[in-house]
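Here the structure comes first, spelled out in structure tokens, and everything after it is commentary.
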Amino acid sequence: MTVIADLASTLHRVPMTRPWEPGRTFIELVVTRLTTDDGRTGTGFSWAPNVGGAAVHALLETDVREAALGLPAHPAAAFDELSWRLHEAGPGGLTTLALAAVDLALWDLAATGGLTAALGRRRAAAPVYGSGVNRHYTLEELVAQARRWADAGLTAMKIKVGLPDLAEDVARVAAVRDAVGPGVRLMLDANQRWDLYRALRAAEALRPHDPAWLEEPLPADDVQGYARLRAVAGVPVALGENTHTVRQFRDLLTAGACDVLQPNVVRVGGITPFLRIAELARAFGVPVHPHLLPDLSGQLACCLPLPATVEDVEDASFAALGLLTGPPPVRIEKGLAHPGDHPGLGLRFDEAVLAATRHDPGARR
């Protein structure tokens, strides 16, 4: 039996050409190299756009590494054992962010013929929707972004809502709808900024602009609130990017809390739990649309049992951030994500860029 012989991780601060909020000009990336006792190496990663990168790195270098050494080099077997050994640190959040780095490295090893071949490719390509962290944009900047997406051939896009003044949200959504026309699927993302009362008011006010879905209007763990909202909102409800475990997704589905699930492959702990969530959702007839990370999500979307769309935040993919060398694992062209022909996950990190962005979490900021 092949086992994990070594695990080493590095933390990086990667500059963003299009910051997601004022004053936050980088994302934190943790790159993990896993070595087996027969000398093979797989590369995984974790990722923290806003907070927690140093904590994830520290967890990987200490408790996760200690628990992983000697485990079977099999994604599902290692994930289950690591989850059990680490559960006292919490069922999700930092724990699953750290577990993802190990799980992805094991899948990089296991998928010798490519990830889509290993998972079973169901479709040649998956549709892409443009996405932006654009709540701080002026109205003119927001409309220009939507027009860029339309000019690039995208027939679906997502913008942020959740400003203090609901009337301003409505005006911005109306302006984007006018700019791109009725044929474009327009998703709205509130990032947990409302309570139930405000979410109900917002859904009513935004409904005339035909939103394809309203994403995370309530705190992510408010299962009963989502069930009540979905029952009367008249707008499809999407959530899951801040849900971490299979059991938490089960609770959302059994409560009838959503129309669309959006698990983030890193936040749930990797490909192994992501696939379990997708199968659970299929039993409820709820589609899964992977959250962010198109370099990986584009591959997963082509293997899911139900059709899925791929989220591409403008200038934020690993390829767009300049992190990769050689052909990217997913090519986005004319509104479609096309996974390529590559071994493993296809994420060939540029070693020079990793060296230039390496961050010492012990250093004073």
Just wondering, are more than 12 heavy atoms of other shown residues or ligands nearer than 6.0 Å to CZ in R247?
no
Side-chain heavy atoms nearer than 4.5 Å, only ILVMFWY residues, links allowed to pass through others: does that put V64 and V3 together?
no
Is any side-chain heavy atom of L306 closer than 4.5 Å to one of V288?
no
Taking the side chain from S9 and the backbone from V30, do they hold a donor-acceptor pair closer than 3.5 Å?
no
Test: ring-ring contact (aromatic ring centres under 6.0 Å, His included). Region: residues 106-136. Which pairs qualify, not counting sequence neighbours?
Y129-W213
Under 4.5 Å between side-chain heavy atoms, hopping through other hydrophobics if needed: is there a path connecting L119 to L345?
yes
side-chain contact (heavy atoms from CB on, under 4.5 Å) assessment of L34 paired with D108
CA-CA 10 Å; L34 182 150; D108 190 44; over 6 Å; no
Any donor and acceptor pair, going by atom type alone, linking the side chain of T245 with main-chain N or O of G92 inside 3.5 Å?
no
Do V180 and M157 come within less than 4.5 Å of each other through their side chains, counting heavy atoms only?
yes
Which is it for N50 and E21 under the side-chain contact (heavy atoms from CB on, under 4.5 Å) test, yes or no, and what are the steps along the way?
CA-CA 10 Å; N50 292 307; E21 60 183 44; 4.2 Å; yes
I want to check something: taking the side chain as every heavy atom from C-beta on, are R13 and T357 in contact at a cut-off of under 4.5 Å?
no
Applying side-chain hydrogen bond (donor to acceptor under 3.5 Å, both in side chains) to H289 and T309, what does each step give before you reach the verdict?
CA-CA 6 Å; H289 298 265; T309 53; 2.7 Å; yes
Quick one, R267 and E241 - any side-chain contact, counting heavy atoms below 4.5 Å?
yes
Can a donor-acceptor pair be found, under 3.5 Å and without considering hydrogens, that links the side chain of H87 to the backbone of W84?
yes
Applying the 4.5 Å side-chain criterion to the ILVMFWY set and letting contacts propagate, would V310 and W47 be lumped into a single cluster?
no
Residues K158 and E216 bridged, charged N to O under 4.0 Å
no
Residues in ring-ring contact (aromatic ring centres under 6.0 Å, His included) contact with H338, at least two apart in sequence or another chain:
none
Expected output: side-chain Q299 to main-chain D295 donor-acceptor under 3.5 Å
yes
Looking at D6 and R65, does any basic side-chain N land under 4.0 Å from a carboxylate oxygen?
yes
Do the side chains of L292 and L336 join up, straight or via other hydrophobic residues, at under 4.5 Å, putting them in one cluster?
no
Using the rule that two of Ile, Leu, Val, Met, Phe, Trp, Tyr join whenever any of their side-chain heavy atoms come within less than 4.5 Å, decide whether L104 and L321 are in one cluster.
yes
Student check: side-chain heavy atoms of L261 and F284 closer than 4.5 Å:
no
Which word best sums up how the rings of F318 and F45 line up, parallel for under 30°, tilted for 30 to 60°, or perpendicular for over 60°?
perpendicular
Before giving the answer on side-chain contact (heavy atoms from CB on, under 4.5 Å), spell out for L186 and D210 the whole-Å C-alpha distance, their side-chain angles and the decisive distance to 0.1 Å.
CA-CA 7 Å; L186 181 58; D210 191 27; over 6 Å; no
Tell me whether N191 contacts the main-chain N or O of R193 through its side chain, where contact means a donor paired with an acceptor under 3.5 Å.
no
With the threshold set at 4.0 Å, does a side-chain nitrogen-carboxylate oxygen contact exist between R282 and E279?
yes
If you draw a 6.0 Å radius around CZ in R201, do more than 12 non-hydrogen atoms from other residues or ligands fall strictly inside?
no
When you compare the side chain of S297 with that of H291, does any pair of heavy atoms fall below 4.5 Å?
no
Please check: side-chain N/O of D259 versus main-chain N/O of V237, any donor-acceptor pairing under 3.5 Å?
yes
Heavy-atom side-chain proximity of L188 to L214 below 4.5 angstrom
yes
Can you list the residues that meet the side-chain hydrogen bond (donor to acceptor under 3.5 Å, both in side chains) rule with R172, with sequence neighbours excluded?
none
Within a strict 4.5 Å, meaning less than it, do heavy atoms of the S317 and D312 side chains meet?
yes
For side-chain contact (heavy atoms from CB on, under 4.5 Å), just list the numbers for R177 and V184, CA-CA rounded to whole Å, side-chain angles, deciding distance to a tenth of an Å, and then say yes or no.
CA-CA 8 Å; R177 175 57 79 196; V184 169; 4.3 Å; yes
Are R148 and D315 within salt-bridge range, i.e. N to O under 4.0 Å?
no
Using modelled atom types only, decide if a donor and an acceptor are shared between the side chain of R85 and the backbone of A67 within a distance under 3.5 Å.
yes
